[in-house]
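In what follows, a structure is listed as structure tokens, so that the remarks can point back to it.
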Amino acid sequence: MEYNFKEVEAKWRAKWASDKTYKSEINSDKPKCYVLDMFPYPSGAGLHVGHPLGYIASDIYARYKRLKGFNVLHPMGYDSFGLPAEQYAIQTGQHPALTTEQNINRYREQLDKIGFSFDWDREVRTSDPSYYKWTQWIFIQLFNSWYNPETNKAESIETLIPKIKNFDQLSEKEQSDILMEYRLAYLGEAFVNWCPALGTVLANDEVKDGVSERGGHPVERKMMKQWSMRISNYAQRLLDDLEGIDWTESIKESQRYWIGRSEGSSLRFEVQNSELKLEVFTTRPDTIFGVSFMVIAPEHELVEQLTSADQKQAVEDYLEKTKNRSERERMADVKNVTGVFTGAYAIHPFSGKQIPVWIGDYVLAGYGTGAVMAVAGHDSRDYAFAKQFNLPIIPVVEGGDLEKEAYEAKAGKIINSDFLDGLEVKDAMKKVIAKIEELGLGKGKINYRLRDAVFGRQRYWGEPIPVFYKDGIPQVLPENELPLVLPEVDKFLPTEDGEPPLARAKDWKYKGEFEYETTTMPGWAGSSWYFLRYMDPKNDSAFVSKEAVDYWQNVDLYIGGSEHATGHLLYVRFWTKFLNDRGFIPVNEPAKKLINQGMIQGRSNFVYRFDFHGKVLFQSTFEENSEGMARESFEDAKVEVESDVLYYFVDNSPNIFLSHNYYAEFINGKLSKEDICNLVKIKFPFFNDYTERYGVDFELSSIKLTALHVDVNIVENDVLDLDAFKNWREEYKNAEFILEDGKYICGNEVEKMSKSKWNVVSPDLIVEKSGADVLRLYEMFLGPLELSKPWNTNGISGVSNFIRKLWRLYNQDGVWSVSEEKAEKKELKSLHKTIKKIVEDIERFSFNTSVSNFMICVNELTELKCNKREVLEPLAIIISPYAPHIAEELWLKLGHKDSIFTATFPVCNESYLVESSFNYPISFNGKTRFMREFDLSVPKEEVEKEVMAMEQTQKYLEGKTPKKVIVVPGKIVNIVL
RNA sequence: GCCUUGGUGGUGGAAUGGUAGACACGCAGGACUUAAAAUCCUGUGGCAGCAAUGCCGUAAGGGUUCAAGUCCCUUCCGAGGUACCA
């Protein structure tokens, strides 16, 4: 009996579920291991083969760790608040909770088919009130905390109050306002990305090229009152602690860049004939003598006061222009330098020279002080501005060619700089900062690019912010009144006055009296702490129990996509540090190790349709006959008469498809339109008949081959399943094909996986056709986990064969045939070599090579006709993380009562691997020429001697005396000529 | 532009500085079969040759080394991220 994957897999999945095989509990006897996947947003489209890639990898790792004696926590859940469900709700009126539920069910069904070892009892959903109760609770803790720069951690707001002078004597409103400037969750004014089409505010990382990431709607900058998170207080720690975590370098680099630490100095410039002072931040105080102008942002608060009377009109015009320029436009032409002179002059703090003050939109209001001291010689943006407006460029660092470009390197000797002349950049930097501080003009300073994160969204489908307003003063809800449940609304749209959807909720007031906050939390709120909730998902009295978090600590392995580098992965680090500061959890990083799985792209297939018009060349006397002929053949023919010539225009009927090679040759010019027509005529002689009898012919100008996406699920190895194609769509029912070598070969292209390109492959289909084990092995076999690669099923039969071969090791001629005989040395060697490799592979997440190693092992054992329990039992265990279903079935048949996942991963016995001899490659100048076997006990000198004495050696020596002979024992012999 | 990655047969991909192309797909030939499927066997980087064998070959060019796909330098190309951050 051949292996029946359908029956076996279904049986085990049911049994694992009913036995709760993967249930994990706090068990302090065993070391813990927490393996986490980035949880999915349950979209309406369901899973495609790209999604499970990371899940399979983490599942293998989790199962492996379990067999290695770890107590493994491997949960799964859903990031179930989000915009798509809300937009669907707006379109259809269906409640997002409903569609979310449906989508989750679909995801679950698909996930279940793949045989993951998730502990489903720990499932979380961020949109569930029992979950978001605690998201709200954490918000309250953030609200009630401030960042103490002295202790360098978050503390209760209570420790701040004594530091504020006369706090008791202030009014309630004044107290609230002061504390609001320190709270880690605070209500503040901020420029936000307002998206009118979505009626919501978007985070920086949700805006791409000036349009919303989801939906692509335009976004404008607008000043609004917003709930925000003071993540910027954590900038330095978020940066420093990257050192201690084992994350991919690319993610760390993105985060470093995003945090954007820069060291420099603040510096105040006096303004001529004015009391005003202009403060700038610069990273190059050493170039202070190279300042030839200043530039301030159009939004700078001093713009009006600095503008002189005769520049007033010009400045106003400029401001009007930049205001109307959308973000998108500004980004589209970065090269277009714009600006205007204010008419004001600043005074150089050292030289006393006049420096013109300009306005330019390359200076951003939100960074530093919104003003720069422009050093055109040593900053490319200042350089471009100076060139545009003919401003002076003063070289102050030696090196570079200022005729061509700015010299930005921080190296060289300082020139033209008074007391700094002759110093190296580094030393000049120190000296000038000291001077600036001495004169009280400013001080050395560190700036961060990282901005506070806006937390409020003008949306319905998110966690309500647990805040109400009493006399205009925001108050958080008492903790015992959580959760603040999302109220029902009549529509999921903003109100007519532009209020968020929650403002529609009827009689939704705290104690029937006080207005609730109407914005909701962003998508990242729930995902910033979910790794903690999995530890204790049902806890009703705490977000996680001390016991659970003390045991599970943090994530040992986190697998997910790199697209979350600066969003989710930064926020979750921030919240973790905060919760740690406040003593709620013992860890300050969420994940010790993180790896990114690559994207699986789609591999589209194409068919090539022959498109033509038919044309009658005969004159009108033949009209009737010809027309009859046409009607008979082409039901949809359009008939037109033009100067006595009858034309039939026949559109795509019948459907004729040419195999890919013809298309390729047509495109590269090897086949002409005539050649294509002739091919069609050879295949379908009736076209020839028409030509001969009635003069019907193809109109050459209309001939083309149209490439059409074809459903990749009816194509195998680029060969089209003709019958399936005919049934695919009604209009292809009578399709005709021109084949090559008896097959219809489809074209292919790598594109993003998408429904419209017909290249989406659902894992369900693979499972249906080949089984879950095959899907799991194949996804791993495709290549290194981190690399992006196109999906193709070309190699899947190899994995299918492997599973069958594995089965046959245990079953000869369909009969269970494992013997109790003692295994031979060769057999044990094959097994132990494999154990060693698999352990190495898993530890370095090289899952593709481990599949190869299993294949090698099974091939070897098949060759040896090995059927010994001593070998086959450990083999089942080492393969079980990869192919759990078949392994479990083999385990049962081997006579075990308990699941294979209660077994122990075998240990490699090195003594089986010891080789007594080695087949040395003998090379000349590094080129291997022949082989020679030596016992490994033979000393170097002896090897050299014997090799030199060989006849073949003499041949390659060509009579010369070798300069040197290198013998690396167990590796190679190299003879240098 | 910058950052991060990659670039190896027809294809997916292997290779602690030590026999480049493991494993798999595909392809070709063969066995079994009335036939097909399945299975099994053999071959398969390129060029030349009946063959033995020789030459060439890891994006391109240099370098280090007895020995380089691997280390260093320069250049080119692809993918992902990012963007006027003073």
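In what follows, chains carry the letters A, B, and so on, assigned in the order in which the sequence lines appear, proteins first and then strands, with residues in each chain numbered from 1.
- A gap of 13 Å separates the P atoms of B:G7 and B:U58, to the nearest Å.
- If you measure from atom CD1 of A:I251 to atom P of B:C3, you get 18 Å, rounded to the nearest angstrom.
- A:D379 comes within 4.0 angstrom of nothing in the nucleic acid, heavy atoms only.
- Of all nucleotides listed (B:G13, B:C23, B:C66), B:C23 comes nearest to the side chain of A:F781.
- Between the CD1 atom of A:I922 and the P atom of B:G18 there is a distance of 17 Å, rounded to whole Å.
- Contact annotation for A:N848: backbone-only contact, meaning every heavy-atom pair under 4.0 Å involves sugar-phosphate atoms and none involves a base.
- Here A:I966 lies in heavy-atom contact (under 4.0 Å) with a base.
- Scanning for salt bridge (Lys or Arg N to Asp or Glu O under 4.0 Å) contacts around A:E263 gives A:R261, with sequence neighbours left out.
- Within 4.0 Å of A:R261, counting heavy atoms only, lies no atom of the nucleic acid at all.
- Aromatic ring orientation, A:F781 versus A:Y778: tilted (interplanar angle from 30° to 60°).
- Here A:V968 lies in heavy-atom contact (under 4.0 Å) with a base.
- A straight line from CD of A:Q388 to P of B:C84 spans 18 Å, rounded to a whole angstrom.
- The line from CG of A:L239 to CD1 of A:I259 is 5.0 Å long, rounded to the nearest 0.5 Å.
- The CG-P distance, from A:N447 to B:A86, rounds to 8 Å in whole Å.
- Side-chain proximity of A:R804 to B:U39, B:A86, B:G18: nearest is B:U39.
- Atom name C1', nucleotides B:A60 and B:C50: the rounded distance is 38 Å, in whole Å.
- The side chain of A:P921 approaches B:U19 more closely than any other nucleotide in the set B:C40, B:U19, B:C66.
- Closest approach to the A:T928 side chain among B:G81, B:A20, B:G18 is made by B:A20 (side chain taken as heavy atoms from C-beta onward).
- In the set B:A15, B:U5, B:C84, the nucleotide with an atom closest to the side chain of A:R844 is B:A15.
- Across all strands shown, A:R929 has heavy atoms under 4.0 Å from sugar-phosphate atoms exclusively, and none from any base.
- Rounded to an integer number of Å, the gap from A:Y448 OH to B:A86 P is 13 Å.
- Contacts of A:S262 with the nucleic acid, taken as non-hydrogen atoms under 4.0 Å apart, involve only primed sugar atoms and P, OP1 or OP2.
- Taking atom CZ of A:F293 as the reference point, atom P of B:A86 lies 16 Å away to the nearest angstrom.
- Distances from the side chain of A:D361 to the nucleotides B:C84, B:C40, B:C23 place B:C84 closest.
- Closest approach to the A:R449 side chain among B:A83, B:A14, B:A86 is made by B:A83 (side chain taken as heavy atoms from C-beta onward).
- Nearest-nucleotide mapping onto RNA chain B: of A:F281 and A:K927, the residue sitting toward the 5' end is A:K927.
- Partners of A:E863 under the salt bridge (Lys or Arg N to Asp or Glu O under 4.0 Å) rule, at least two apart in sequence or in another chain, do not exist in this structure.
- Atom name C1', nucleotides B:A14 and B:U74: the rounded distance is 29 Å, in whole Å.
- Closest contact between the side chain of A:M931 and the listed nucleotides B:A86, B:U19, B:C66 involves B:U19.
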Practice task
In sequence, state the C-alpha distance, the side-chain angles, and the governing distance for A:Y383 and A:H378, and then conclude on ring pair (Phe, Tyr, Trp, His ring centres under 6.0 Å).
Solution key: CA-CA 7 Å; A:Y383 185 88; A:H378 306 284; 9.7 Å; no

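- Pairing analysis of RNA chain B (Watson-Crick: purine N1 to pyrimidine N3 plus N6-O4 or O6-N4; G-U wobble: N1-O2 and O6-N3; both under 3.5 Å) yields stems of 3 or more pairs at B:1-7 with B:76-82, B:10-12 with B:23-25, B:26-31 with B:39-44, B:45-48 with B:53-56, B:59-63 with B:71-75.
- Residues A:E863 and A:R284 both approach RNA chain B. Their nearest nucleotides, taken by heavy-atom distance, put A:E863 toward the 5′ side.
- A close approach under 4.0 Å does occur between a side-chain nitrogen or oxygen of A:N801 and OP1 or OP2 of B:U39.
- Rounding to whole angstrom units, CD of residue A:E786 and P of B:G80 are separated by 17 Å.
- Listed pair A:N925 / B:A67 fails the phosphate criterion, with no side-chain N or O lying under 4.0 Å from OP1 or OP2.
- Using bins of under 30°, 30° to 60° and over 60° for the plane-to-plane angle, the ring pair A:W807/A:Y3 lands in the tilted bin.
- The C1' atoms of B:C56 and B:G49 are separated by 15 Å, rounded to the nearest whole Å.
- If you check B:U82, B:U53, B:A67 against the side chain of A:Y956, the one that comes closest is B:U53.
- A:S852 comes within 4.0 angstrom of a nucleotide base, judged by non-hydrogen atoms across all strands.
- Distances shorter than 4.0 Å separate none of the side-chain N or O atoms of A:Y257 from OP1 or OP2 on B:C3.
- Side-chain atoms of A:I856 lie closest to B:C23 of the nucleotides B:C23, B:U5, B:U82.
- A centroid separation of less than 6.0 Å is found between the aromatic rings of A:Y571 and A:W524.
- Under 4.0 Å is where a charged nitrogen must lie from a carboxylate oxygen, and between A:E253 and A:R256 at least one such pair does.
- The gap from the C1' atom of B:C27 to that of B:G62 amounts to 39 Å, rounded to the nearest Å.
- Residue A:N859 has a polar side-chain atom (N or O) positioned under 4.0 Å from OP1 or OP2 of B:A24.
- Looking at every heavy atom in both residues, A:Y882 comes nearest to A:R776 through O-NE, 2.9 Å.
- Base orientation of B:G6: anti, the glycosidic angle falling outside 90° of 0.
- Salt-bridge annotation for A:K833 and A:E860: present, with a side-chain N of the basic residue lying under 4.0 Å from a carboxylate O of the acidic one.
- When the P atom of B:A14 is taken as reference, atom NZ of A:K837 falls 14 Å away, rounded to whole Å.
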